[in-house]
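Reckoned from all heavy atoms, side chains included, excluding hydrogens, waters and symmetry mates. Residue numbers start from 1 in every chain, and the chains themselves are labelled A, B, ... in the order their sequence lines are given, proteins ahead of strands.
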Protein chains: 2
Amino acid sequence: MPRNRPYAGLPAREVALIGRLTQQRANVLKALMAVEGFVGAQALHSRMADDGSPVGLTTVYRTLNAFADAGRADVVRDDNGERLFRYRPGPDHRHYLVCTACGLSMPVDSGPVEDWVEKTARTSGFANVRHTVELAGLCPDCTQEQAPAR
Amino acid sequence: MPRNRPYAGLPAREVALIGRLTQQRANVLKALMAVEGFVGAQALHSRMADDGSPVGLTTVYRTLNAFADAGRADVVRDDNGERLFRYRPGPDHRHYLVCTACGLSMPVDSGPVEDWVEKTARTSGFANVRHTVELAGLCPDCTQEQAPAR
DNA sequence: GTTGAAGTGATAATCATTTTCATCTAGCTT
DNA sequence: AAGCTAGATGAAAATGATTATCACTTCAAC
Ligand SMILES: [Mn+2]
Ligand SMILES: [Mn+2]
Ligand SMILES: [Zn+2]
Ligand SMILES: [Zn+2]
């Protein structure tokens with residue numbers, strides 16, 4: 001059996017996105033893909049340490065940024081400015097309603113917004129229009145946990 | 001003539017929003033209102049120093065945050081995470097198409113998005129749903145300045 | 001196997017924003 | 001017209017996420 005197959009188990013698509021194939025990058029990608037919803041670089045870093053795949057924080061940042069640049073991760077900023085990443089399996093693009101308490105992210109039907117963005121871009125005269133649409137609130141579970149107190 | 005009228009020239013509405021009426025706060029608000037579009041705290045701070053109304057950077061931050069909390073300023077984050085503030089004369093809330101080259105910001109008709117947000121929030125079960133909608137692109141003028149080359 | 005470019009990571013640097021805290025003052029009380 | 005005090009100021013230090021350095025390691029082409 002071969003010694004080093006750092007990318008074993010990762011989609012071939014992901015492998016092509018970044019330069020050299022290293023154990024560290026493979027571990028970062030696996031960790032990112034294993035997370036439901038958004039994660040910060042620091043949280044991912046410590047989670048990997050706990051899981052026995054310690055990687056330098058610098059490398060976590062580098063890999064996540066490269067992945068985001070390649071369009072394979074969504075990036076949002078939480079309220080205190082920290083950047084959160086989420087793996088995006090396909091080239092499709094979605095928007096989410098994120099719980100500000102527990103981080104749960106629920107995909108929403110953004111068709112109407114996409115249509116509006118396209119129309120607005122077309123009639124504005126602007127070129128190369130990009131959009132950011134973020135919804136955040138308290139999920140049903142977290143809403144309940146807040147209510148009981150009086 | 002009275003000596004101290006720090007809030008002279010400011011809408012009475014704004015005066016009610018913050019606690020004590022000080023010269024510094026009045027100057028920050030005047031400076032913010034004088035700016036077209038978004039400004040960062042640091043930029044506003046140095047602009048005020050240049051204009052002969054020096055105020056501590058801490059006070060600029062405090063006043064802008066208070067103003068934003070009161071709903072009288074819009075806040076966005078630029079690409080490197082800096083928070084930019086813009087005065088909002090009324091309680092209405094708008095969205096803008098911002099030119100990434102020259103900073104020009106053009107208000108867009110966001111009715112459809114607001115409707116979509118409300119509907120999405122209602123059917124999601126989430127509480128206290130907030131939204132962020134940002135459009136960015138190249139304005140017609142800046143598009144032209146890029147084209148001539150070749 | 002040799003080799004050079006790319007990657008790693010501990011550490012230091014950046015940089016916007018917040019906290020501290022000694023000092024000041026707006027604006028009410030007497 | 002003082003006196004009073006909670007609220008405000010701001011220089012300086014702390015914070016905290018992210019990025020730059022750089023000596024060292026490793027991938028992968030030859
Ligand atoms: Mn979209
Ligand atoms: Mn809106
Ligand atoms: Zn929740
Ligand atoms: Zn422009």
- Closest non-hydrogen atom pair between Cys139(A) and Cys99(A), with its separation: N-SG, 3.4 Å
- Message: Applying salt bridge (charged side-chain N to carboxylate O under 4.0 Å, His left out) as the test, list every pair that has at least one member in residues 108-126 of chain A; sequence neighbours left out.
- Response: none
- Qualifying salt bridge (charged side-chain N to carboxylate O under 4.0 Å, His left out) pairs, either residue in residues 53-73 of chain B, two or more places apart: Glu14(B)-Arg72(B)
Please tell me if [X] has a side-chain N or O lying less than 4.0 Å from either OP1 or OP2 of [N].
{"X": "Tyr61(B)", "N": "dT18(C)", "answer": "no"}
{"X": "Gln42(A)", "N": "dA17(D)", "answer": "yes"}
{"X": "Asn65(B)", "N": "dT18(C)", "answer": "yes"}

- Message: If I take atom CG in residue Asn27(B) and atom C1' in nucleotide dA26(C), what distance separates them, rounded to the nearest angstrom?
- Response: 16 Å
- Query: What residues join Leu57(A) in its hydrophobic cluster, counting side-chain heavy atom gaps under 4.5 Å, either direct or through other members?
  - Reply: Tyr61(A)
- If you link I, L, V, M, F, W and Y whenever their side-chain heavy atoms are under 4.5 Å apart, who else ends up in the same group as Val98(A)? Phe38(A), Val76(A), Leu84(A), Tyr96(A)
- Please indicate whether Met106(A) has more than 12 foreign heavy atoms, meaning atoms of other residues, nucleotides or ligands, lying under 6.0 Å from its CE. no
- Residue list, salt bridge (Lys or Arg N to Asp or Glu O under 4.0 Å) with Arg88(A), at least two apart or on another chain: Asp74(A)
- Note on the structure: A correct 5'-to-3' footprint of nucleotides 7-13 of chain D, with B, S and - meaning base, sugar-phosphate only and no protein heavy atom under 4.0 Å, is BSBBBB-
- Message: Are the side chains of Arg130(B) and Leu135(A) in contact, using a 4.5 Å heavy-atom criterion?
- Response: no
- Message: Measuring only between side-chain heavy atoms, which start at C-beta, is Val108(A) closer than 4.5 Å to Arg94(A)?
- Response: no
- Item | Strand-adjacent residues in residues 79-87 of chain A, judged by heavy atoms under 4.0 Å from DNA chain D | Glu82(A), Arg83(A)
- Task: Could you pull out all residues at least two apart from Ala121(B) that satisfy side-chain contact (heavy atoms from CB on, under 4.5 Å)?
- Result: Val129(B)
- Message: List the residues meeting side-chain contact (heavy atoms from CB on, under 4.5 Å) with Ala34(B), not counting sequence neighbours, and say none if there are none.
- Response: none
- Message: Contact list please: residues 68-77 of chain B against DNA chain C, heavy atoms, distance less than 4.0 Å, in numerical order.
- Response: none
- Looking at CG of Leu64(B) and CG of Leu29(B), how far apart are the two atoms once the value is rounded to the nearest 0.5 Å? 8.0 Å
- Message: Based on the rotation axes of five pairs at each end, what angle does the helix from dG1(C)-dC30(D) to dT30(C)-dA1(D) bend through, to 10°?
- Response: 20°
- Message: Per the ring pair (Phe, Tyr, Trp, His ring centres under 6.0 Å) rule, what does the pair list look like for residues 113-138 of chain A, sequence neighbours excluded?
- Response: His93(A)-His131(A), His95(A)-His131(A)
